[in-house]
Amino acid sequence: FSDLIRLAKQVEINGNSGSGKSSLMNAGLLPLVDQGWLWPRTDLARWLRIGPMMPGQCPVAMLAESLARFSRAVLKEPAEMAVIRPLLESDDRALADWLRSRKREDTAFLFAIDQFEELFTFADRDERGRFDRLLATALADADCPLFLISTVRADFLDRFAEDLPHLADASNRA
């Protein structure tokens with residue numbers, strides 16, 4: 001995992017249903033990140049974790065809720081989903097700009113998404129497209145210290161290129 005973080009801003013845990021993807025992320029990797037495990041491997045002293053989030057039917061709304069919760073709990077800033085969501089819905093750069101305005105020296109954001117396949121199974125097509133553009137834009141922004149870790153069922157890997165073209169393109173460039 002740590003060697004992959006050096007090479008790419010995205011790490012995907014994929015496997016068959018019931019193979020332990022969520023357990024690996026939630027009980028294995030994320031606690032290690034919280035304990036500072038990535039610092040000696042990345043030269044980034046602080047990793048602030050957003051999520052894990054499950055996309056559901058309205059992934060942009062779930063993202064707004066995750067950012068509001070993160071802002072209140074971790075950054076100690078007042079934030080409401082009702083304020084963040086319209087920002088995310090209005091501009092593909094909104095996530096990158098929101099994170100860039102909150103970055104600190106030697107700090108990165110790790111966005112955890114569990115059951116990424118919900119983008120294909122539950123999410124509204126327009127919401128999925130907006131989420132795709134928001135996340136891909138933030139990951140591609142060199143000044144936005146966002147990294148992504150996600151779990152996805154292996155039987156959905158062939159859907160990325162068609163249903164999430166911006167993330168697929170960003171992943172292929174990494």
Side-chain angles (χ1 to χ4, degrees), residues 5 8-14 21-22 25-26 30 33 44 46-104 107-153 156-174:
I5 282 287
K9 292 183 85 174
Q10 296 176 250
V11 173
E12 176 184 286
I13 302 167
N14 65 59
K21 301 173 297 296
S22 295
M25 182 171 75
N26 292 310
L30 293 179
V33 170
L44 292 166
R46 290 186 46 187
W47 284 81
L48 303 179
R49 182 162 48 98
I50 303 166
M53 177 196 105
M54 293 174 67
Q57 186 175 3
C58 301
V60 175
M62 295 305 294
L63 175 58
E65 182 180 325
S66 294
L67 292 175
R69 189 177 309 122
F70 166 78
S71 186
R72 290 188 305 268
V74 177
L75 301 177
K76 307 298 185 209
E77 295 177 5
E80 295 300 324
M81 178 185 165
V83 173
I84 297 172
R85 186 175 180 178
L87 296 173
L88 297 175
E89 291 173 340
S90 68
D91 182 7
D92 291 348
R93 292 211 37 81
L95 176 60
D97 292 345
W98 193 90
L99 292 169
R100 286 176 67 180
S101 71
R102 287 155 179 84
K103 75 178 184 177
R104 301 175 188 150
T107 299
F109 301 102
L110 181 64
F111 184 28
I113 302 176
D114 195 13
Q115 299 185 26
F116 202 84
E117 65 272 6
E118 287 188 357
L119 287 166
F120 308 117
T121 58
F122 296 135
D124 171 80
R125 186 173 156 257
D126 292 336
E127 280 261 332
R128 179 176 52 238
R130 164 68 57 199
F131 188 82
D132 176 38
R133 292 187 304 276
L134 285 164
L135 194 51
T137 300
L139 289 168
D141 185 333
D143 292 325
C144 180
L146 177 66
F147 293 78
L148 172 66
I149 182 170
S150 61
T151 66
V152 64
R153 282 188 9 216
F156 286 93
L157 295 176
D158 62 340
R159 303 269 307 265
F160 276 83
E162 182 179 335
D163 292 339
L164 299 169
H166 299 92
L167 277 172
D169 184 49
S171 181
N172 290 333
R173 279 186 273 130

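We number each residue from 1, following the sequence as shown. These figures come from a predicted structure and were not determined experimentally.
With hydrogens and angles ignored, the 3.5 Å screen pairs no side-chain donor or acceptor of Arg72 with any backbone N or O of Pro78. Remark: side-chain polar atoms of Ser71 are not paired, donor with acceptor, to backbone N or O of Leu67 under 3.5 angstrom.
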Given ring-ring contact (aromatic ring centres under 6.0 Å, His included), test Trp47 with Phe109 step by step and report yes or no. CA-CA 6 Å; Trp47 284 81; Phe109 301 102; 9.5 Å; no
side-chain contact (heavy atoms from CB on, under 4.5 Å), that's the test. Do Asp97 and Leu87 meet it? Break it down for me. CA-CA 10 Å; Asp97 292 345; Leu87 296 173; over 6 Å; no
Between Lys103 and Asp143, does the side-chain contact (heavy atoms from CB on, under 4.5 Å) criterion hold? Intermediate values first, please. CA-CA 9 Å; Lys103 75 178 184 177; Asp143 292 325; 4.0 Å; yes
Please determine whether side-chain contact (heavy atoms from CB on, under 4.5 Å) holds for the pair Arg159 and Phe156, giving the CA-CA distance in whole Å, both sets of side-chain angles, and the decisive distance to 0.1 Å. CA-CA 6 Å; Arg159 303 269 307 265; Phe156 286 93; 3.9 Å; yes
Can Val152 and Ile113 be said to form a side-chain contact (heavy atoms from CB on, under 4.5 Å), step by step? CA-CA 9 Å; Val152 64; Ile113 302 176; over 6 Å; no
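Side-chain contact between Thr137 and His166 is absent, with no heavy atoms from C-beta onward closer than 4.5 Å. In this structure, Leu139 and Gln10 have side chains that are in contact, with non-hydrogen atoms separated by less than 4.5 Å. Phe116 is listed as a side-chain neighbour of Leu167, based on a closest heavy-atom distance under 4.5 Å. With contacts defined as side-chain heavy-atom distances shorter than 4.5 Å, the pair Phe160/Asp132 does not qualify. A 4.5 Å side-chain heavy-atom check between Leu48 and Thr107 finds at least one atom pair inside the cut-off. Under the 4.5 Å side-chain criterion, counting only non-hydrogen atoms from C-beta, Ile50 is not in contact with Val74. Residues Pro52 and Met25 are in side-chain contact: their nearest non-hydrogen atoms beyond the backbone lie under 4.5 Å apart. Between Thr151 and Asn26 there is no side-chain heavy-atom pair separated by less than 4.5 Å.
Between atom CG of residue Leu119 and atom CZ of residue Arg125 there is a gap of 14.5 Å, rounded to the nearest 0.5 Å.
Contacts of Phe111 classified as ring-ring contact (aromatic ring centres under 6.0 Å, His included), with partners at least two apart in sequence or in another chain: none.
Ion pairing between Glu77 and Arg102 holds under the 4.0 Å rule for side-chain N and carboxylate O. Salt-bridge check for Glu127 with Arg85: passed, with a basic side-chain N closer than 4.0 Å to an acidic carboxylate O. We find that Lys21 and Asp114 are not joined by a salt bridge, their nearest charged nitrogen and carboxylate oxygen being 4.0 Å or further apart. With respect to Arg93 and Asp141, a salt bridge is recorded, a charged nitrogen being found less than 4.0 Å from a carboxylate O.
The two residues Pro55 and Gln115 make their nearest non-hydrogen contact at CD-O, 3.7 Å. The nearest pair of heavy atoms linking Ala138 to Leu146 is CB-CD2, 3.6 Å.
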